[in-house]
There are 2 protein chains.
Amino acid sequence: MRGVDASLEGIAREAGVAIGTLYRHFPTRLDLLLAALEPRLAELLDESERVMGIDDPWRAFASYLENLFRLQAGDRGFNDFLSRRFPGSAETERLHDQICEHIDEVLIRAQDAGVVRPDIARGDIVTLIWSSSRMIDATSVTAPNAWRRQLALMLDAYRAPRAHPLPEPPLTDEQLYDAMVRLNAAD
Amino acid sequence: MRGVDASLEGIAREAGVAIGTLYRHFPTRLDLLLAALEPRLAELLDESERVMGIDDPWRAFASYLENLFRLQAGDRGFNDFLSRRFPGSAETERLHDQICEHIDEVLIRAQDAGVVRPDIARGDIVTLIWSSSRMIDATSVTAPNAWRRQLALMLDAYRAPRAHPLPEPPLTDEQLYDAMVRLNAAD
DNA sequence: CGTCAAGGTGAGGCACCCCTCCGGTTGCGG
DNA sequence: CCGCAACCGGAGGGGTGCCTCACCTTGACG
């Protein structure tokens with residue numbers, strides 16, 4: 001098991017360090033995770049800034065997702081991190097909320113410009129992130145660029161013209177939260 | 001942990017039976033899985049027959065997926081089963097191959113009729129199954145019908161008339177196989 | 001060179017889990 | 001009522017992982 005659920009003893013072993021030393025530096029798994037993810041998170045936030053600056057609302061929206069998936073594909077831990085919530089950690093809650101705000105921003109701008117269908121909501125994008133996370137896991141070795149194809153397909157679904165009505169309402173914030181906590185324990 | 005990776009000791013406990021008894025009836029985890037999944041598999045194959053009989057190729061295609069997802073949503077083990085391969089088990093290989101054939105059948109018929117974009121391949125549907133499997137896991141308690149919305153979105157992506165070119169080729173059969181074996185160990 | 005704090009170590013207690021195997025139970029035909 | 005086969009139970013050996021804690025090293029400074 002790699003990623004967020006990797007064995008701490010295994011990590012220590014690979015790092016050539018004793019388990020006690022690992023615990024000295026990172027008292028909890030979450031401390032280690034945040035330290036390991038720091039560069040990816042910084043990169044994501046940087047790229048988000050850049051993408052927000054793109055004039056074309058569709059390109060901004062598509063580039064945001066493309067960036068996110070690229071980072072997911074490059075880091076197993078980051079991939080896990082994005083689809084989970086860690087209840088009780090203010091730091092990770094803050095990060096997730098920030099990412100959600102960015103999603104809202106590119107999404108709403110694209111919808112206001114009429115290039116993304118209006119019945120899409122934040123929850124749909126978060127769901128897409130869960131889904132792609134699974135797909136990226138599966139294909140990371142065998143077909144590291146496969147996610148690009150699925151993203152392109154999904155973007156076709158998000159485009160405004162000729163949208164068919166959707167049968168269910170989008171997930172609410174509470175439903176999203178519960179689901180992400182649940183992805184923690186399960187699997 | 002529930003689903004395919006559930007602890008056998010836990011299953012025995014819940015069944016009010018000793019671990020030895022469980023092993024007597026089901027020598028391997030796969031034996032137990034196949035027994036537990038038997039009704040779902042029968043239902044899937046029945047429904048597949050029925051769906052093949054639908055005249056409208058688009059409705060047949062959409063109904064096939066709708067059925068599959070409904071069954072996935074109703075059974076955690078079945079949900080796991082669909083996105084994994086168990087190397088060395090002829091029985092599960094046969095089942096997976098059979099499902100793949102059904103997918104090919106409804107897909108190709110819809111493409112021949114011009115209602116599904118021609119650049120979709122079997123691998124895209126399998127990928128969709130992986131993705132939805134993750135989503136269904138996440139939302140099974142909180143929003144048990146959420147998968148319908150994602151399926152509707154995906155169907156919009158599969159429709160023929162609004163297709164944009166896809167950047168990567170579809171996954172080959174070997175890539176699919178490797179990925180599904182990989183989903184076994186990881187997570 | 002002595003002291004002390006900072007950092008590193010890994011055995012050990014606890015909790016699961018896998019799977020085996022031997023002894024106990026049950027119920028049915030004779 | 002006996003004997004036997006089919007069935008059941010659960011202790012136990014082996015493995016992994018979590019986390020703690022008492023002990024050991026190192027190096028800076030007076």
Side-chain angles (χ1 to χ4, degrees), chain A residues 1-39 75-81 83-93 133-134 137-138 140-141 180-187, chain B residues 1-38 75-81 83-93 133-134 137 140-141 180-187:
Chain A
M1 185 96 63
R2 323 237 66 213
V4 165
D5 299 317
S7 139
L8 295 178
E9 304 208 308
I11 292 171
R13 209 176 313 130
E14 273 175 44
V17 96
I19 183 67
T21 309
L22 187 64
Y23 273 95
R24 171 176 300 279
H25 288 296
F26 307 103
T28 75
R29 177 183 292 273
L30 219 48
D31 294 325
L32 174 57
L33 181 67
L34 284 172
L37 256 39
E38 208 279 321
D75 187 322
R76 170 77 198 263
F78 187 66
N79 192 22
D80 288 350
F81 174 80
S83 33
R84 301 192 186 188
R85 287 272 184 164
F86 306 90
S89 157
E91 177 66 4
T92 63
E93 299 288 321
S133 134
R134 181 70 178 264
D137 255 13
S140 56
V141 168
M180 293 176 80
V181 171
R182 158 167 277 264
L183 281 180
N184 240 353
D187 238 63
Chain B
M1 185 97 59
R2 323 237 67 215
V4 167
D5 299 316
S7 141
L8 295 179
E9 305 209 308
I11 292 170
R13 207 157 40 228
E14 274 175 45
V17 98
I19 183 68
T21 307
L22 187 64
Y23 272 94
R24 167 174 304 275
H25 289 297
F26 307 103
T28 76
R29 177 183 292 273
L30 219 47
D31 293 325
L32 175 56
L33 181 66
L34 284 173
L37 255 41
E38 207 280 320
D75 187 322
R76 170 76 198 265
F78 186 65
N79 191 22
D80 288 350
F81 174 81
S83 33
R84 302 191 186 187
R85 287 272 184 165
F86 307 91
S89 157
E91 178 67 4
T92 63
E93 299 287 322
S133 137
R134 181 69 177 264
D137 255 13
S140 57
V141 169
M180 291 175 80
V181 172
R182 158 168 277 265
L183 282 180
N184 239 353
D187 238 63

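Every chain is numbered from 1, with letters handed out A, B, ... down the list of sequences. Note that these values count all heavy atoms, side chains included, but never hydrogens, waters or copies made by symmetry.
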For atom CZ of A/R24 and atom P of D/dT25, their distance in whole Å: 15 Å
Side-chain N or O of B/T21 less than 4.0 angstrom from OP1 or OP2 on D/dC7? no
Could you tell me the separation between the CD atom of B/E9 and the P atom of D/dG12, rounded to a whole number of Å? 14 Å
Distance check: side-chain N/O of A/R29 vs OP1/OP2 of D/dC18, anything under 4.0 Å? yes
Could you tell me whether a side-chain N or O of A/N184 sits under 3.5 Å from a main-chain N or O of A/R84, the two making a donor and an acceptor? no
Restricting to non-hydrogen atoms, name the atom on B/L32 and the atom on B/I11 that form the minimum distance, rounded to 0.1 Å. CD2-CD1, 4.0 Å
Separation of D/dC8 C1' from B/H25 NE2 (nearest whole Å): 8 Å
Contacts of A/S7 and A/P27 projected onto DNA chain D by closest heavy atom; the upstream (5') one is A/S7
Between C1' on C/dG23 and CD1 on B/I19, what's the gap in Å once rounded to a whole number? 18 Å
Short side-chain N/O contact to D/dG17 OP1/OP2 from A/R13, under 4.0 Å: yes
Which nucleotide in the list D/dG9, C/dC18, D/dC19 gets nearest to the side chain of B/A18? D/dG9
In whole angstroms, the gap separating C1' of C/dC17 from CG of B/L32 amounts to 15 Å
Rounded to whole Å, the CG-P distance (A/L8 to C/dG10) equals 17 Å
Closest non-hydrogen atom pair, B/S89 against B/L30: CB-CD2, 3.2 Å
For the side chain of A/D80 and the backbone of A/G3, is there at least one donor-acceptor N/O pair under 3.5 Å apart? no
Round to the nearest Å and state the distance from A/L22 atom CG to D/dT20 atom P. 12 Å
Can you measure B/L30 atom CG to C/dC18 atom P for me and round it to whole angstrom units? 14 Å
